[in-house]
Structures are given as C-alpha cells and as structure tokens.
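So you know, we letter chains A, B, ... as the sequences are listed, proteins then strands, and number each from 1.
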Amino acid sequence: MDYQFKQIEQKWQKFWAENQTFKADTNSTKPKYYVLDMFPYPSGAGLHVGHPLGYIASDIFSRYKRLKGFNVLHPMGYDSFGLPAEQYAIQTGQHPAITTEANIATYRRQLDQIGFSFDWSREVRTSEPGYYKWTQWIFMQLFNSWYNLETDKAEDISTLIEKFNAAGSADVKAVCDEDIKSFMPSDWAAFSDEEKQAELLKYRLTYLKESTVNWCPALGTVLANDEVKDGFSERGGHPVEQKKMMQWSMRISAYAERLLQGLNTIDWPEPVKEMQRNWIGKSVGASVKFPISLTPTLSEGEGAGSYGYETADPLLWEVLKTNARVNRSHQTEGEDALWQKLRNSQTGHKIRRQHPIGTYIADFICLNKRLIIEVDGGYHLENQENDKIRTEALNQLGFNVIRFSNEEVLNNINMVAEKITSELNNRPDSAPAKVGNSASLSLGEGRGEAYIEVFTTRVDTIFGVSFIVLAPEHELVQALTTDGQKADIENYIAQTKKKSELDRMADTKTVSGAFTGSYVINPVNDEFVPIWIADYVLAGYGTGAVMGVPSGDQRDWLFAKHFDLPIIQILDTQTDLDVEANATKEGKYINSDFIDNLGYKEATSYLNHWLEREGVGKAKVNYRMRDAIFGRQRYWGEPIPVYFKDGLPYLIKEEELPLLLPEIDKYLPTESGEPPLGRAADWSYEDQYEYELSTMPGWAGSSWYWYRYMDAQNNCDFASKEAIAYWKDVDLYIGGSEHATGHLLYSRFWNKFLKDLGYVNEEEPFKKLINQGMIQGISQKINISGSQGSTSGSNNYRINGLQFSFGDKTERLIISQDVKVSEIDKGSDIAKEFFKTSLHNVDIQYTNELTNELDIEKYIKWRPDYENAIFWCSGGCWQGGVFYPFENSNGEKRFFTKPEVEKMSKSKFNVVNPDVLIENYGADTLRMYEMFLGPLEQSKPWNTNGIEGVFKFLRKFWRLFHNEEWIFHVEDSIPAKAELKALHKIIKKVQDDVERFSFNTSVSSFMIAVNELTDLKCKNRQVLEDLVVVLSPYAPHICEELWSLLGNTNLSTTPYPKFNPAYLEEAEFAYPVSVNGKMKMNLNLSLSIEQDEAISTVLANEQVQGYLNGATPKKIVFVKGKIVNIVI
RNA sequence: GCUCGGAUGGUGGAACUGGUAGACACGCAGGACUUAAAAUCCUGUGCCCUCAACAGGCGUGCGGGUUCGAUUCCCGCUCCGAGUACCA
C-alpha cells in the first residue's frame, strides 16, 4: 500500500490515547527529565501554524529522551483565565467558562491531531477551582510572610511579630513600605489589633497600597507596565491613563538581588537574561541629602525685612553665585588661612564660606548663630565706608558681623580663631525652626532641616553639581515654590500633564523645566544649588530627584545650556565642555576640594565614607524594578481570598479554599464603578464582611503551574513533597521570548518564595530555556482613512487628471500603498488627511498569495460598510465595480495589495491554520516541515514552498520498506558496509543535533540517509529497524506503523540505537589540494600516511605539477584528514 | 539613543573547535513515461567569460587586518529585525 497517512495517524493517535503510552511514571528508577512548553491561552481562533513550532520541538526532545532511557514528564494544560473570554462575555452575555471550555476543546482536537506525546492525565487549567484553590493558597502564604534581610529570605509573619514583641521595630531589617512606624516593644503591646494589622500590612509580601496604576477606562481594569505599549493597552489598543488606586501588590522587589544573581546560574538565552537584568535595573551609587535652604512659603509678613532662615536674594542669585565661586578661587591669603581653622566644625560650629546672604556674599558665616565673619583688606578708606554700609545691611537681615583685618589673621591666627569660637559659644542658637511652613516638608533626622534626597551613580561628580531637578510630581514641589515662581511652576506642571496625556513617546530632545525659586545646599562644599523641576526626572524612580552635573551628563548639560546654569569641569580629562558633556571616569579631579587629584575609584569610595560620616548620605544600591501590582478589576480571574473588616484586609481560613468565583448577571463594573464581582448577590464573608472585589492578574496562575503538573490530582497539597523531590525542576522549557519579563520573572519570584518557605527545593525553576522564533504571517495591506461620516459637504479633487466628487454619502475612503502624495491634488485637505492614516490588513483569504491581487468584490461582501468606498492602488482607483486606471499607469485593471511580513495573528487577518495542512499532508509531514524551516530560535515567515519535499521524503522512507508493488518487504540479510555507514551516520547526527536543539539539520540528514539507502536498494531489516527508531521522535505515526509491520511493539520506549564509529571509518580520504588557499583538486590518499609521505605523493602527482607550473613551493601545509595546501 | 540578534544562490537554509562554501529541500530548465495532464523518475542549476568542454575569473552585507588558509577570529562601517527608552 502507498503511504496512507490519514489512516496511520488516526490509528496511532487512538492507540496512544487508549494505552496512555506517554503517562509519566510516578515511581521510576529511571532518571527524570522534565520537558515543558509554555501553556497556551485558549483563544477562540484556535491554533495557527506558529503555535505548534515549540510544541513539536519539545515533543521531539521528549520522545528522544524516552528512547534514551529517561522517565519523561511532558505535560500540557491551559492558562484559561484571561481577558478575551471576558470581552466576549461582555458582548454576548455568554459565561466565560463556557467559551473557554469550547476553545479548549478546539485546542485539544488540534493538539491531538499533531500527535504530541503529552501526558494528558496531568492536564491543568488555571480557571478550574481545583487548580486556583492553590493559586489562592500561595497568595495566602505571601500575605502571611515578610522578607527578612538578615536571613535574606521570606519568613512567616509570626517571626516578625516575635521581633516586635521582643525589641520593637528597632532591629527589624525588612523589605517594607517607607512609612513604617518606629516603636518600642511596649508600644507594640499597647497597639490595638487594628493598629497591629495596619502595621503588619506594611511588611507582608502581598499588601495593599495606594499606587499609581495604568488604568484603562475602556477595559475597565488596571494593566501591568508590560501590558501597556506607548500609552495604549497591548490588548485592544485602548488609551491608558495614570490613576491612583488602592491595589494589591506583590513585594517582588524584595527578591531583586536574588533574581539578578540567579540569572548567572541558569542556561537561558542571553537576550532574555539581559532583558531581565534591565528590568531589575540594578544601579550602584550613593544617596545624598541636600539640605533645603529656603523658606519659600514664608508669607510677606513673616519674612518681611529678613530672610527667615538663610538665603540669598533669589533675583541676584546668579550674580552672587558666580561671584562666590570667583572669590573662592581667588581667596586672599588671610581668608584662606582662616578657613583652614574654621572648616570641618573645628570651632564646634558649622561655618560656611563665601555664602550669599541677601544681596551680599559673606566671607564666613555660621548660620545657626547668625554670625558673619569678615576679613578686610583694609587699605582704602572707601572700602571702610563700604564695609560699614554692608554691616548695617546685614544687621538688618538679622546677622551680626565681626571683622578681622588681613594682618590680624595672618599674624595671630590662633587668637582670631579663639575669638570666633567664644563669640559663637556665647550666642544663642537662632533656631532653624524658623523654617516657615515646614509642616509639609519632611524633616531630616536630628538635624532639624528639610532636605532633598537624591540617588546618583556618579557621586564622584558631586562637586560639579549646579542644580537639582525634581520630578514635577515630587511631593515637595509645592512647598518649595516661591511666590515669584509659582506661576512658572504651575504652568509647567500643567504642561507636563497634558504632554503625558498626548504622546509620551514625543521628543526627548526638547529641554524643558521650571525654577522653584528655592535652593539646597551642596553638603560637600556648602554651595547654594537652585532647585528646578523637569519632566525628564521620573517620580517613580529613585527618590524622584536628581543632582544636575552638566559637565558629566549630556542630559544635564543640555538642561544647563538651555537655562544658562554653570557647567563646572571636575576632571582634568574633560574636554570640549562647551560642546557637550563628558562622562569620563578617567583622569584626576579638579575644582573638587577634598577629592582633588584623586582618581575615580578612590574618590568614589572616599566620598561614600565622607557622606556617611557627615550623616548626609551613603553608598546605596538602587533597583528599577517596582513591586508588581496584583489585582484586576475584572471578573474572569482568581478571586482574592480576602475579606475586609473595619477597612483592614483579613485572609479567609485555609479550609475555606477555594473561594469560588461567584455568578454575576453582567460582566461589567457596577453602577458605582466597582469591579464586576460587586454584582455578585449575597457574596460576603460570614454574611457580614465584604470580600475583595478585584481578581488576580493573568500571571497568577502561570507562576507556579509547573509544580502542579508534578502531581496534578493532589487534593491535599499543590503537589506532594515526594513528587516535588523527584521532579525537582524543569529541565527544558520552550516558549516565546515575549514572556521574558512577565511570566518568566514572576515565576522565578514565586519559586524563590516557595523555596524560602520550604515547600520546594530548587532556587530556580527552569534550568534550560529555549525561545522558539516567531512564525510570521504575510499580511496583505491597504490604507484606510476617513472615519464614518467624517467627510462633509461636497469636495472635488483630481488624481492625475481624474476628477472625483464626494458628496455627503461618501463614508470611507480606502487607499492602497504605493500612491505618492504628488499624484494627488495637494490643495485638498482630504488628500492630506488620507495620507496620515495607517495601514490596515485585509484578510489573506481575499488575496492571491502569488500575485497579491485582491478580490475586491468578495472583500466588500465581507465588509459591506466599505460599499461606497474608493479603493486606491498603484495602478488606479476602484469604486462601485469600476476601475479607473491612472493616466501614467500601464492600464492594467487589477487591484493589488501590499504584502508585508509580520506577526501571525487573527487581528492581522494573516493566520494559516494547521488543520488544512494536516488534511493534505498529515501530521508527520507538518511536524517535519516546521522543523525543516530553519533554526528553532529564528523567526521566519510562513510559507509552504518546501512542504512537498518533506512529504516526498516520507513517501520515499515508506517505500524503503516496500517493493515495487507497494507490498511490505524487508530482508533478513547481513547488512552491507555502505548500509551500516549510512545508518550510523544518521544515528550520530540525530543525537548530536537533538542535544543541541538543531532540529532542522537532522531533517536534512534524514533525507540524505533515505536517499543513500534508496540508492543502495537497502531492504535490510536490521538497518531499517534502527532507522525507524531514530526517525520516530520526528515522525512518530509513520514510524509506529512500520515498527508494528516489522513485528515489534513499544516503539516509544525502545532503546535508541547505539552509535558505532567503526562503521564510519575510512581507509582513504580524498584530500582537497589547494594552491595558495584556493581549492584546485582532490587527491585520494590513505588516511594512515603521515606528512612527509603525503607531501612527496602530492608533489609527484602530475596534475599538481601542472598547477605548480615549474615553480618550487615555498611551503606545504598538511593537516591529516583535512587538507593539503601548497604555498607558492 | 542604548542593549541583543542577524545579513550566505531565484527561495528556505547547511558548513559543529579556522581546513573542499552553497549540503538538503523548494523553484526553475531540459528529458523519460502518458493521447494529454497529474503523479513518478532522470539530468542540469552560485555568478561571469565560453557553442561546449577544458581551463579561468569573481563570489558568504561593505572596508581593512591576523593566517599557509577566514562565512568562521580581530578592528571599523552599512543595512535589517527584536527589546528598551529621559533610570539619575
């Protein structure tokens, strides 16, 4: 019989199902191997040819491993909670469970007909109560845990309570909220239960927090960062806005470092690891506190005539600052000498030098004591007069002035210092409490001063700071804004808000910002630094404030240039600072006071210590990764097992799990805007407490599912201890790279957490990961523009002399690719509008794959709303069945689309369904063809060009076992040497290829082997039997059939044939002989001969002599078994 | 901008640690079988020169380098794809 794939495939699929051939042993002495596919979301569209690519690869690998003697776990299931089913429910009223069930049936049918060796007894569905019971259970464990930084792992909340009981909050080192309370054990004991719960919530690994979220009004839900693309929802493309909401969050940030370090221990594709590293975003630097130096909110009255705390006149700031800088670098000898006595609080008081006060610059000042110390040159009478005026002015500002002459200082420095010290000691503290409305400012510990904390990775550049920038949303902005700057700031904030609403992608090059009117003091040199706001600083990262160092950072440089702020060179290697910033770490520091002449490393470490000693900063590691929001205002997800009592969340009891998803009448938010669960009737805990109304996000169920497969039917645990101990982790995980920062990161997080609590044993869940490439589709595109009814009145315009008139009836215009703007009458606004539009896809079923011609009549039948539309393509326009060719076209009256390769997706109307191919060629052909397309990891557009070749190969293979009349026929002869050689070549090739996941190359090799054996007219049973085993992972159905025709059983666990290198050994080798590296000829030589003999044989050869043409070779290279190269 | 991939015939791709570039397949051309077509089989097929053969020249995105020898290693660029985006 000819190769009857349909019968064969049905027969064996039925056999496998009935015999549970691929059920993994729970009790096995064999080594385990766990092969996992990323389980699919069962969408209504069913599988397309892209989906099975990874499944086929993993199936080949699983079948291969079984032949190699492993106990293989290869399961499949469904990530069956999700948005599409819910959207469908909203539209049709059909319960998502019903839709999901139907979709799963389709998936199962499609998966079955490809012949996968899944152990279906372990199937999981995340939307089944038996499964999500355990998702909820894990949530409860997270709620009941906190992250102890001392042990560097998650612990039960009870250990935290013990610490509170024993020593209060003092020696707790935890990952927690920022607003935790400081308390003594006695305080803790005195707390009410509510207070305790409220405090504990700040430590729990899953917690409630008011956070700014990506709110999508159209979907009525919150989206994770990775679900938002360019301000629109990834699914559906609806606008997304920022909104503050009370949300459940997961403290994944506690695991940032472990998630980062773990990447070094796993065999994953570098790009995925890199993406996770970027996502975690570790930066090592320092946090620095810049004390705030102004009382901006001081009212007229309070501040009249004096600067309540300390400041320069803002208007004169720039002048003063420049002067101060100049003065400092041109200090008189006396000033310099005195500074050496006063600096670093040697007097017991903090003294600043060259400090702007009002409209003056004081030589030295102690702000606390309101004392100014001046050193006079004293040689001119005019100067003395000026000094007098100056003193009076400073007195008016509330400062006292003592003066010393240059001589006094130089001749008797100690006496001067003593005088100053005693003067300071005798003066009362002028309390910094005068910091006006400082209630809204957060107060620095112990110093009584407000400060702005910044994070920097270049603390070494701190002497180059010439401004501080806050995010416009920074909590201190209001308080810091002076009356004079209020309009500017408010204006700017309004502008920023508008900008984020519009297009955040927009220009990153335009410099913008506004000055608050306030200053901070740079702690390393006591200089005044103006505080600005700008939207390039993000509220969510670090402290929402940065120090601007224009000489070292291009963004800061642009900002400084734009607003005319100083650019201070800080390294001697920095050049061209008037052209651009120079971020070098080379060279020695200059203009940097106590780190002058140091190099980068020493300076950084010195500064870190200095800052810490001074109490104004310290070395710090910062992570970009934020805690993950864990809640959706949606119906079709896991209910969160929490109820509220007096506004505080409490877990339901463990034995009450699962908390079932209640029935509701409509899948929409309630009238009052609450999530759909708010509609559920009588849904409350113990009939009195409100349940949490949001459900878990899509990634909840997929963050631990690989453990459920280990023991899918277990009712007492998410998986038994024994199963977890045996299967440990996933040895091979195959899936798309689109999950790099979502699923793969969250899964690692939950895995580490479960390990901390002792439920699982491995630190990392997926040892080896492979990303299959995307199979792309070929879309057919046209341009669509003008929305329904958007054109009004009568418009006339021409296209290459063709006159068109559109009245009110014109609803839509469709323009194909390739029409140039110049071909349209430019006067028309409509024309301009058309070309603004984006490409739209037409369903590929209406186009001809080869010619790209669109069957426009059929297309319009499918989209009747386009009935009155005008279609344009490169050759002309089409409307109402008439084609108007352009004047300069070749007059061909056909409508062409523009083909484009992109992601295969239902929304792009370019999907190719595998069912058709299986119908025509069978599953074995599909399996082999998908592998034959190219390397697994590579993305490639789908085409069926080569599928015939693969099908022909299988027929040829089938034929090896049959005679001319298609009757099964093999011979029990002794295999010929050539036959064994062909066989062992493929035995080796396939095991090498499979181990390195190079499936495409082994398909080619199978073809070569079958071609060789066909040429040899091989009918040998022994050879063909082995060949069947080797091919069976790739084409299991045909192999099972032949295996049984050969009289055998249990193909799937037959040992893989043993490779014998002896069969490949050759006595001779046709050495390629090249002259100067260019291959000229082949020469047969025995493989046993060595260099000398080989060279003389080669030189004796007539043909070689011909190439030499009488010349004497300079050198002859001989590599045994490889090559002969003659150098002339 | 940054990070990571990639670029080989008409097409998909092969060449694993530097050693015969283009395996295998598609497509195309010619032939056999057939009344004809499909299917099947055979032959050829990187480009250039040549009627053809022999022989030769050029060839792995571009320009250099290392080497007896480079698709492979190094330096510098171009283009394409993916991810990320003011991350301090």
Side-chain angles (χ1 to χ4, degrees), chain A residues 2 226 230 269-275 277-279 281-283 285 287 454-459 461 468-469 471 504-505 507-511 534-538 540-549 552-556 558-559 622-625 737-738 740-741 771 773-774 776 901 929 932-935 937-950 952-953 955-956 959 989 992-993 996 998 1000-1011 1070-1082 1106 1113-1119 1121-1128:
Chain A
D2 199 350
D226 46 320
D230 311 339
E270 203 47 50
V272 176
K273 291 204 215 177
E274 198 59 31
M275 277 162 78
R277 283 190 195 109
N278 290 340
W279 192 260
K282 179 181 185 176
S283 38
S287 80
V454 304
F455 175 74
T456 175
T457 52
R458 287 296 300 273
V459 70
T461 65
I468 291 279
V469 191
R504 289 204 58 204
M505 285 290 285
D507 52 347
T508 58
K509 276 166 197 145
T510 313
V511 177
D535 61 4
Y536 79 78
V537 178
L538 308 174
Y541 185 71
T543 57
V546 305
M547 58 183 217
V549 183
D553 182 286
Q554 185 59 18
R555 210 184 35 202
D556 294 344
L558 287 168
F559 195 83
N622 207 35
Y623 298 92
R624 189 174 82 125
M625 185 168 65
S737 59
E738 66 270 24
T741 50
N771 288 130
M774 208 174 17
Q776 295 147 322
V901 170
Y929 182 60
F932 184 63
L933 271 177
E937 294 96 329
Q938 230 165 67
S939 288
K940 51 239 155 186
W942 176 259
N943 68 71
T944 49
N945 290 344
I947 201 162
E948 284 286 341
V950 174
K952 279 196 252 177
F953 156 76
R955 261 191 99 206
K956 215 168 166 181
R959 206 166 183 175
K989 178 72 177 162
D992 289 354
D993 282 355
R996 65 190 171 104
S998 173
N1000 56 324
T1001 50
S1002 34
V1003 177
S1004 297
S1005 305
F1006 280 125
M1007 290 174 173
I1008 294 170
V1010 167
N1011 287 346
Y1071 277 91
V1073 179
S1074 47
V1075 177
N1076 288 340
K1078 294 264 177 219
M1079 219 288 275
K1080 294 292 181 189
M1081 56 175 284
N1082 286 99
K1114 278 190 201 144
K1115 184 178 177 184
I1116 298 178
V1117 180
F1118 173 80
V1119 182
K1122 286 266 158 85
I1123 201 168
V1124 179
N1125 188 17
I1126 303 168
V1127 187
I1128 308 178

Expressed in whole Å, how much space separates the [atom1] atoms belonging to [N] and [M]?
N: U72(B); M: A15(B); atom1: P; answer: 15 Å
N: G18(B); M: U11(B); atom1: P; answer: 29 Å
N: A37(B); M: G46(B); atom1: P; answer: 28 Å
N: G69(B); M: A32(B); atom1: P; answer: 50 Å
N: C4(B); M: C74(B); atom1: P; answer: 14 Å
N: G76(B); M: C68(B); atom1: P; answer: 24 Å
N: U50(B); M: G56(B); atom1: C1'; answer: 10 Å
N: G59(B); M: A70(B); atom1: P; answer: 12 Å

With a non-hydrogen cut-off below 4.0 angstrom, is [X] in contact with a base, only sugar-phosphate, or nothing?
X: V1073(A); result: nothing
X: E270(A); result: nothing
X: K952(A); result: sugar-phosphate
X: D993(A); result: nothing
X: V1119(A); result: base
X: M1007(A); result: sugar-phosphate
X: N1011(A); result: sugar-phosphate
X: N278(A); result: nothing
X: R955(A); result: sugar-phosphate
X: K989(A); result: base
X: P941(A); result: nothing

**OP:** Only counting residues at least two apart or in another chain, list the ones meeting ring pair (Phe, Tyr, Trp, His ring centres under 6.0 Å) with Y536(A).
**Re:** F559(A)

Is a side-chain donor-acceptor pair under 3.5 Å present for [Y] with [X]?
X: S1002(A); Y: S1005(A); result: no
X: S283(A); Y: N622(A); result: no
X: N1011(A); Y: K956(A); result: yes

Under a 3.5 Å cut-off for both distances, is [N] Watson-Crick or wobble paired, and to whom?
N: G5(B); result: C80(B)
N: A88(B); result: none
N: C54(B); result: none
N: U71(B); result: none
N: G59(B); result: none
N: G18(B); result: none
N: G44(B); result: C28(B)
N: C33(B); result: none

Protein-nucleotide distance ([X], atom [atom1]; [N], atom [atom2]), rounded to Å:
X: D553(A); N: G1(B); atom1: CG; atom2: P; result: 17 Å
X: M275(A); N: G81(B); atom1: CE; atom2: C1'; result: 14 Å
X: N771(A); N: G83(B); atom1: CG; atom2: C1'; result: 12 Å
X: F932(A); N: G13(B); atom1: CZ; atom2: C1'; result: 7 Å
X: M625(A); N: A85(B); atom1: CE; atom2: C1'; result: 18 Å
X: Q938(A); N: U8(B); atom1: CD; atom2: P; result: 10 Å
X: I1008(A); N: C24(B); atom1: CD1; atom2: P; result: 6 Å
X: D556(A); N: A88(B); atom1: CG; atom2: P; result: 11 Å

Subject >> Separation of M1007(A) CE from F932(A) CZ (nearest 0.5 Å) >> reply: 4.5 Å

If you check every side-chain atom of [X], which of [options] has the closest atom?
X: N1082(A); options: U40(B), U20(B), A88(B); value: U20(B)
X: K1115(A); options: C68(B), G56(B), G13(B); value: C68(B)
X: V1117(A); options: A88(B), C68(B), A14(B); value: C68(B)
X: M1079(A); options: A14(B), U20(B), A88(B); value: U20(B)
X: L538(A); options: A15(B), C87(B), G13(B); value: C87(B)
X: N1125(A); options: G13(B), G69(B), C26(B); value: G69(B)

Original post:
Do the non-hydrogen side-chain atoms of V454(A) and V546(A) ever get within less than 4.5 Å of each other?
Top reply: no

Original post:
Does V272(A) reach the side chain of N771(A), with side-chain heavy atoms less than 4.5 Å apart?
Top reply: yes

Return no unless some side-chain N or O of [X] is found under 4.0 Å from OP1 or OP2 of [N].
X: R624(A); N: U84(B); answer: no
X: T1001(A); N: G13(B); answer: no
X: N1000(A); N: G12(B); answer: no

Original post:
Parallel, tilted or perpendicular for F953(A) and F1006(A), by the 30°/60° rule?
Top reply: tilted

**OP:** Could you tell me whether R955(A) and E948(A) make a salt bridge, using a distance below 4.0 angstrom between a side-chain N and a carboxylate O?
**Re:** no

**OP:** Inspect the contact between R959(A) and D2(A) and indicate whether a charged nitrogen and a carboxylate oxygen are less than 4.0 angstrom apart.
**Re:** no

**OP:** Hey, which sits more toward the 5' end of RNA chain B by its nearest nucleotide, S998(A) or G1077(A)?
**Re:** S998(A)

Original post:
When you match D992(A) and G934(A) each to their closest nucleotide on RNA chain B, which lands nearer the 5' end?
Top reply: G934(A)

**OP:** Pull up the glycosidic torsion of G9(B) and say syn or anti, syn being anything within 90° of 0.
**Re:** syn

